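Beneath this line is the structure, given in C-alpha cells, with notes to follow.
One-based numbering, in listed order, for ligands and for the atoms of each. This is a predicted model, so every value here is computed, not measured.
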Amino acid sequence: MKYISTRNTNNIVEAHDAIKQGIAEDGGLYVPENIPQVSLNELEDMLKMNYREVAKNILLKYLDDFNEDEIKYCVDNAYNVESFDTDDIVELHNLDENTEILELWHGPTYAFKDLALQILPHLLKKSIEKSKDTREVVILTATSGDTGKAALEGFKDIKGTKIIVFYPQEGVSNIQKLQMVTQKGDNTFVVSVDGNFDDAQTGVKKIFTDKEFKALIENNGYVFSSANSINLGRLVPQIIYYFWGYLNMVRKSQIKMGEKINVVVPTGNFGNILAGFYAKKMGLPLNKLICASNSNNVLTEFIRTGCYNKNRGFIQTNSPSMDIIISSNLERLLFNIASDKQYVKKYMDNLNFEGFYNIEKELKQCIDENFWASYCDDNTTLETIKSVYSKYNYVVDTHTAVAINVLEQYRKLSGDDTKTIVASTASPFKFSGSVLSAIFGENQLDNDEYVNLEKLSDLVSLEIPKNLKDINKQQVLHKTNCSPDSMKQVVKNILENA
Ligand SMILES: *Cc1c(COP(=O)(O)O)cnc(C)c1O
C-alpha cells in the first residue's frame with residue numbers, strides 16, 4: 001500500500017514514512033492510494049473478535065509494511081486494561097431503539113483522542129526504526145487542552161522518545177491544567193507559556209521551521225516529530241471503532257449483518273468523521289455520515305453549499321474541542337473523491353490567499369451522497385444534556401450533546417429513522433461545569449472546577465473516573481514557565497539536561 005501527498009501526486013511513500021513525517025514536505029497530507037476492502041464474509045468472521053483482534057485486522061490492511069508481530073506489539077501495548085477502564089476498550093450504550101452511543105472515552109484521559117494517541121507512539125517508534133534512523137524522537141506539541149494530555153499519556157515512559165508539551169497560561173481549564181502539571185513519566189516535559197493558545201502554537205511552529213535550530217538538535221541525536229491529528233498514525237486507528245460499533249450491534253441482534261446504519265460525529269478537525277468515511281469505503285455498511293458542529297459551523301456551511309469560507313469570527317463555545325475554523329483533515333476527503341487530483345492544491349491555495357474555495361459539482365454530489373450536516377449553539381447543547389438526562393437517565397458531555405441534537409434535527413427533517421451510532425467523544429466529567437449547570441442549574445456552579453466535578457458525581461451517582469479523582473491533591477511535577485520568545489531555549493535546555 002502506498003500513500004500519496006494531497007499536494008503532489010509524485011510524492012509517494014510507504015506507511016512508516018508517512019507516519020514518521022506527519023505532514024508531507026510539500027505541505028500535503030498522506031492518503032492511501034487505494035482504500036482496502038473488507039468483504040461481508042470477512043466482516044462475518046470479525047464477529048468473534050475482541051477489540052484488539054479487530055484492530056490488528058484493520059491496521060494490517062493499511063500499514064502493510066509492518067509485519068503481524070509488529071502490529072500485534074503496538075496493539076497489545078496500546079489497548080489494554082492498564083490504560084482503559086474497560087476490556088472492551090470502547091463501549092456501546094443503548095439509548096433507545098434506534099440510537100446507540102459509542103463511548104470512545106474509556107482511555108486514560110477520557111476523550112476519544114486516547115484511541116489514536118495510545119497507539120501512535122508505538123507506531124511512530126517502529127516507523128523510525130524501519131527507516132533505519134537510530135535517533136531519539138522528540139515530540140513537540142502546543143495544546144489547548146485535550147490533545148496535550150492524551151499525547152503525554154501516550155508517550156509516557158516509551159523508550160526512545162521524549163515529549164514536550166506547551167500549554168497557554170490563559171485558556172486551558174483548571175482541570176486540564178491539573179491533568180498536565182501532575183503528569184508522571186521520566187520522558188515528559190510540560191511548560192506553561194505566557195499568552196494564549198495561538199502564542200504557544202506559533203512558538204512551536206517557529207521551532208519546527210527554524211532550519212538552523214532543527215539541524216543543531218538533529219545532529220545531537222534527536223529527531224523532531226509531532227502528534228497532531230493530521231498524522232496518518234492517528235487517522236488509521238480511528239477506523240477500528242466504527243467496525244467495532246457495527247459488529248457489536250450485530251452481536252446484540254440490533255441489526256442484521258449487512259444492514260446499513262447511520263453515524264453522527266461531533267466534528268472539529270474532521271479526523272474522526274473521515275475515519276468513518278474510510279470505514280464506509282472499505283465496505284462497512286454505513287449510510288449517512290452526519291457531521292455535527294457547534295457555533296463554529298464552517299463545516300455545516302461547506303457540506304450544505306460546497307463553499308468553504310474561513311472568513312468568519314472565532315466563537316468560544318462550551319464544546320471547545322470543536323472550536324475550529326480550519327478543518328485540516330477535510331483535505332484528505334477532497335483528494336479521495338476528486339477525479340482530478342490537481343483540484344485539491346487549487347482549493348488549498350485559494351484558502352490560503354483568499355480565505356475560501358468552491359468545490360466542483362462532482363465533489364459536491366459525492367458529499368451529498370455520503371454526508372449530512374448541521375450545528376447547534378451553546379444553549380441548545382445544554383438543553384440537550386438536560387433532556388437526555390431526564391429522558392434516559394444518561395449523562396453526556398457537551399460534544400456528545402451537539403451530536404445528539406444534530407441527529408434529532410436530521411431525523412425530523414429527513415424522516416429517516418435508520419439505526420444510528422452516535423460517536424461520544426468525551427466523558428461528562430471532563431466538562432463537569434457545563435454538565436452540572438445544564439442538568440441542575442447554574443446556581444450549582446462553583447468557581448473551583450474540582451468542586452463541580454465532585455458535585456456532579458454526587459448528584460448523578462456516578463463515580464469520578466480514576467485518573468481525575470483527587471487530581472487537585474496530586475503533586476505538581478511541572479513548574480517551568482516561559483515567554484513565547486524563549487520556547488526555543490526551553491527545548492534546548494531540556495534536551496541538554498536530559
Ligand atoms: C478532538 C475532539 C473532537 C473533534 O474531533 P475531530 O477529529 O477533530 O473532528 C470532538 N470531541 C472531543 C471531545 C475532542 O477532544
Side-chain angles (χ1 to χ4, degrees), residues 29 90 101-118 120 141-154 172-173 175-176 179-180 197 227-242 263-279 289-300 302-303 317-333 371 373 375-376 381 384-385 395-406 422-432 434-435 465 468:
L29 313 189
V90 165
I101 309 281
L102 189 65
E103 297 178 345
L104 301 173
W105 39 260
H106 290 283
T109 76
Y110 311 116
F112 95 98
K113 290 186 174 65
D114 286 328
L115 287 159
L117 280 164
Q118 279 297 305
L120 176 73
T141 301
T143 185
S144 57
D146 287 346
T147 307
K149 177 62 186 181
L152 284 163
E153 275 299 316
V172 300
S173 81
I175 295 277
Q176 286 174 324
Q179 276 188 300
M180 287 189 279
F197 174 61
N228 66 24
S229 81
I230 55 182
N231 193 311
L232 180 74
R234 275 185 65 178
L235 182 62
V236 176
Q238 294 178 171
I239 299 167
I240 301 160
Y241 48 74
Y242 289 99
V263 297
V264 50
V265 185
T267 303
N269 232 340
F270 210 78
N272 198 353
I273 195 166
L274 180 71
F277 178 76
Y278 280 5
L289 301 161
I290 301 169
C291 174
S293 300
N294 62 28
S295 293
N296 295 296
N297 55 6
V298 61
L299 281 169
T300 306
F302 170 71
I303 289 171
T317 73
N318 58 17
S319 45
S321 303
M322 291 150 66
D323 289 347
I324 280 173
I325 303 280
I326 299 182
S327 278
S328 323
N329 275 298
L330 185 60
E331 184 172 342
R332 282 195 165 106
L333 176 72
F371 293 89
Y375 71 99
C376 82
T381 303
T384 306
I385 293 173
V395 190
V396 294
D397 90 294
T398 48
H399 304 76
T400 308
V402 168
I404 292 173
N405 177 267
V406 166
V422 178
S424 175
T425 50
S427 153
F429 286 106
K430 276 208 102 160
F431 301 93
S432 296
S434 296
V435 177
L468 289 177

Tell me, with the steps shown, if S319 and N294 meet side-chain hydrogen bond (donor to acceptor under 3.5 Å, both in side chains).
CA-CA 7 Å; S319 45; N294 62 28; 3.0 Å; yes

Report the residues that fulfil side-chain hydrogen bond (donor to acceptor under 3.5 Å, both in side chains) with T425, sequence neighbours left out, ordered by chain and then residue number.
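With sequence neighbours excluded, T425 shows a side-chain hydrogen bond (donor to acceptor under 3.5 Å, both in side chains) to no residue whatsoever.
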
Tell me which protein heavy atom sits closest to [atom], plus the residue, atom name and distance to 0.1 Å.
atom                    : result
atom 13 (C) of ligand 1 : T425 OG1, 3.4 Å
atom 6 (P) of ligand 1  : N269 N, 3.5 Å
atom 4 (C) of ligand 1  : G268 N, 3.6 Å
atom 2 (C) of ligand 1  : K113 NZ, 2.5 Å

Of all the atoms in ligand 1, which lie at a distance below 4.0 Å from a heavy atom belonging to [X]?
X    : result
G271 : 6 (P), 7 (O), 9 (O)
A426 : 13 (C)
S321 : 2 (C), 3 (C), 4 (C), 12 (C), 14 (C), 15 (O)
F270 : 6 (P), 8 (O), 9 (O)

Please state which part of T267 comes within less than 4.0 Å of ligand 1, counting heavy atoms only: side chain, backbone, both or neither.
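Looking at T267 and ligand 1, atoms from backbone and side chain both fall under 4.0 Å.
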
For ligand 1, does K430 get within less than 4.0 Å through its side chain, its backbone, both, or neither, judged by non-hydrogen atoms?
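Neither part.
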
Are F371 and F277 close enough that their ring centres sit under 6.0 Å apart?
yes

Output yes when a side-chain donor or acceptor of Q238 lies under 3.5 Å from a complementary backbone atom of G271, and no otherwise.
yes

Using heavy-atom distances only, which candidate in N228, N329, N272, T109 approaches atom 7 (O) of ligand 1 most closely?
N272

Nitrogen or oxygen atoms of I324 and ligand 1 under 3.5 Å apart
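N/O-N/O distance under 3.5 Å: no.
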
Please report the closest heavy-atom contact between [X] and [Y], naming both atoms and the distance.
X    : Y    : result
I290 : I273 : O-CD1, 3.8 Å
P465 : F429 : CD-CD1, 3.4 Å
V435 : D397 : CG2-CA, 4.1 Å
G148 : T143 : N-OG1, 2.9 Å

Pair R332-N329, side-chain hydrogen bond (donor to acceptor under 3.5 Å, both in side chains): steps then yes or no:
CA-CA 5 Å; R332 282 195 165 106; N329 275 298; 2.6 Å; yes

Determine, using heavy atoms of S229 and all atoms of ligand 1, whether some pair is separated by less than 4.0 Å.
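Outside the 4.0 Å threshold, so no.
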
